[in-house]
Amino acid sequence: MKSTALCFGLAIVAIVGWGLRAGTVQAAGQNEAAKPEFYTTKVQPILQANCYRCHGGMNHRGGLSIQTRAGMLKGGHEGPVLVPGDPAKSLLVRLIRHEGPASDPMPMPPKLPKISDADIATVEQWVRAGAIMPEDVAKP
């Protein structure tokens, strides 16, 4: 009986420990996404490959430039495309997920396949963490 109770107790401790570790890993991922380096190394290459052709450099199709946070917060003809901290309210996320408004879904990138689920998850993680970009960091 004592052996069974001991095994049961150890199993409970292991499960609780695993749950706490999983929460720590997720929290660490969110902390990483709040750093400007996350944008530079993970998000910006996705946007460059899929969005800059129409919304970067001198191109501001729809009145939208996504090269800066200010440009995304200002938005284009449809209004702001970024709501830091809330991917569900960010038009950028809804459009790359091909879940735009029913009246004009505007799937992005247009006339091309939807970007990968992994890339969409990276952009969502960045938005959820506050959409931090290098120019947002206070300079000394």
Side-chain angles (χ1 to χ4, degrees):
M1 181 74 169
K2 285 183 182 180
S3 175
T4 304
L6 180 61
C7 288
F8 183 71
L10 289 174
I12 295 294
V13 168
I15 290 169
V16 169
W18 177 79
L20 290 174
R21 175 152 166 58
T24 302
V25 169
Q26 184 177 7
Q30 286 300 333
N31 289 341
E32 289 301 311
K35 295 180 179 177
E37 296 82 22
F38 186 86
Y39 173 80
T40 304
T41 60
K42 300 197 185 274
V43 177
Q44 188 174 32
I46 295 167
L47 299 179
Q48 285 174 331
N50 297 286
C51 311
Y52 275 25
R53 185 178 74 229
C54 297
H55 303 290
M58 299 299 291
N59 299 322
H60 299 159
R61 188 168 288 164
L64 174 64
S65 172
I66 63 167
Q67 283 190 271
T68 64
R69 188 171 194 254
M72 288 189 266
L73 292 171
K74 177 184 173 207
H77 299 161
E78 300 296 320
V81 296
L82 183 63
V83 179
D86 195 345
K89 290 184 181 174
S90 295
L91 185 58
L92 171 71
V93 173
R94 292 194 334 256
L95 295 179
I96 64 173
R97 293 176 77 193
H98 289 197
E99 297 175 355
S103 60
D104 187 5
M106 303 177 287
M108 295 293 155
K111 300 177 184 172
L112 294 173
K114 184 172 87 165
I115 66 175
S116 74
D117 289 340
D119 285 350
I120 292 170
T122 298
V123 173
E124 289 175 339
Q125 183 181 7
W126 170 69
V127 172
R128 189 174 300 109
I132 304 300
M133 294 172 75
E135 70 249 16
D136 297 333
V137 179
K139 294 180 176 54

Q: May I ask you to decide if Ile46's main-chain N or O and Asn50's side chain share a donor-acceptor pair within less than 3.5 Å?
A: yes
**Q.** Inter-residue atom distance Met58.CE - Ser65.OG, 0.5 Å rounding
**A.** 10.5 Å
**Q.** Note: Glu32-Lys42 ion pair, threshold 4.0 Å (strictly below)
**A.** no
Q) Of the non-hydrogen atoms in Ile66 and Met72, which two are nearest, and what is the gap between them? A) O-CE, 3.5 Å
Q: List the atom of Leu73, the atom of Leu82, and the distance in Å for their closest heavy-atom pair.
A: CD2-O, 3.5 Å
Q) Does any non-hydrogen side-chain atom of Asp119 lie less than 4.5 Å from one of Ser116? A) yes
(Q) Is the distance from the ring center of Phe38 to that of Trp126 below 6.0 Å? (A) no
(Q) If hydrophobic clusters are built by linking Ile, Leu, Val, Met, Phe, Trp and Tyr wherever their side-chain heavy atoms come under 4.5 Å apart, do Tyr52 and Ile96 end up in the same one? (A) yes
Q.
Do Pro109 and Ile115 make a side-chain contact, defined as non-hydrogen atoms from C-beta onward lying under 4.5 Å apart?
A. yes
Q: Calculate, to the nearest 0.5 Å, the distance between atoms CE and CZ belonging to Met108 and Arg61 respectively.
A: 8.5 Å
Q: Decide yes or no on side chain to side chain contact (heavy atoms under 4.5 Å, CB included) for Lys35 and Ile132, but give the supporting numbers first.
A: CA-CA 6 Å; Lys35 295 180 179 177; Ile132 304 300; over 6 Å; no
Q. Any Lys/Arg nitrogen of Glu99 or Arg97 sitting under 4.0 Å from an Asp/Glu carboxylate oxygen of the other?
A. yes
**Q.** Considering all heavy atoms, the nearest Gly71-Leu64 contact
**A.** O-CD1, 3.8 Å
Q. If only atom types and distance count, is the side chain of Arg69 paired as donor or acceptor with the main-chain N or O of Ala131 below 3.5 Å?
A. yes
Q | Minimal non-hydrogen separation, Ala34 against Ala129, with atom names | A | N-CB, 3.7 Å
Q) Can you name the nearest heavy-atom pair linking Pro113 to His98, along with the distance? A) C-CE1, 4.4 Å
Q. So, do His60 and His55 sit near enough that their side-chain heavy atoms are less than 4.5 Å apart?
A. no
Q) So, the side chain of Ser90 versus the backbone of Val93: is there a donor-acceptor pair under 3.5 Å, distance only? A) no
Q: Measure across Pro105 and Leu95 and return the closest heavy-atom pair with its distance rounded to 0.1 Å.
A: O-CD2, 3.2 Å
Q. Are Ile120 and Tyr39 co-members of a hydrophobic cluster defined by side-chain heavy atoms under 4.5 Å apart?
A. yes
